[in-house]
Visitor: 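Below: one structure in structure tokens.
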Amino acid sequence: MLKKIRQQIIQQGPKLVHLPLKATPFILERQILEQLLSWQFQQALNDGELDFFAE
């Protein structure tokens with residue numbers, strides 16, 4: 001279930017944040033994107049989806 005939600009966020013995320021991010025200062029935009037990417041990669045790491053990098 002969480003995997004499906006995460007996939008939807010990945011697919012729909014850019015559309016959802018595009019307009020609000022256009023109106024925000026770059027420094028705030030960067031912080032938001034860093035947080036979103038950090039959360040996404042942490043979930044993928046926890047689920048073992050990036051284990052192939054360790055090989």
Visitor: How long is the straight-line distance from CG of Leu37 back to CH2 of Trp39, given to the nearest 0.5 Å?
Guide: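 So the CH2 of Trp39 and the CG of Leu37 are separated by 11.0 Å.
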Visitor: First locate atom CD of Gln31, then atom CD1 of Ile27, and finally report the distance between them rounded to the nearest 0.5 Å.
Guide: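 Answer rounded to 0.5 Å: 6.0 Å.
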Visitor: Please report the interatomic distance CG(Leu33) to CG(Leu28), rounded to the nearest 0.5 Å.
Guide: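 That separation rounds to 9.5 Å.
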Visitor: Per the salt bridge (Lys or Arg N to Asp or Glu O under 4.0 Å) rule, what does the pair list look like for residues 30-43, sequence neighbours excluded?
Guide: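 Pairs touching residues 30-43 that pass the test: Arg30-Glu34.
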Visitor: For residues 41-50, please give each side-chain donor-acceptor pair under 3.5 Å, one per line with the distance, not counting sequence neighbours.
Guide:
unit_1, atom_1, unit_2, atom_2, d
Gln42, NE2, Asn46, OD1, 3.0
Asn46, ND2, Gln42, O, 3.3
Asp47, OD2, Arg6, NH1, 3.1
Asp47, OD2, Arg6, NH2, 2.9
Glu49, OE2, Arg6, NH2, 2.7

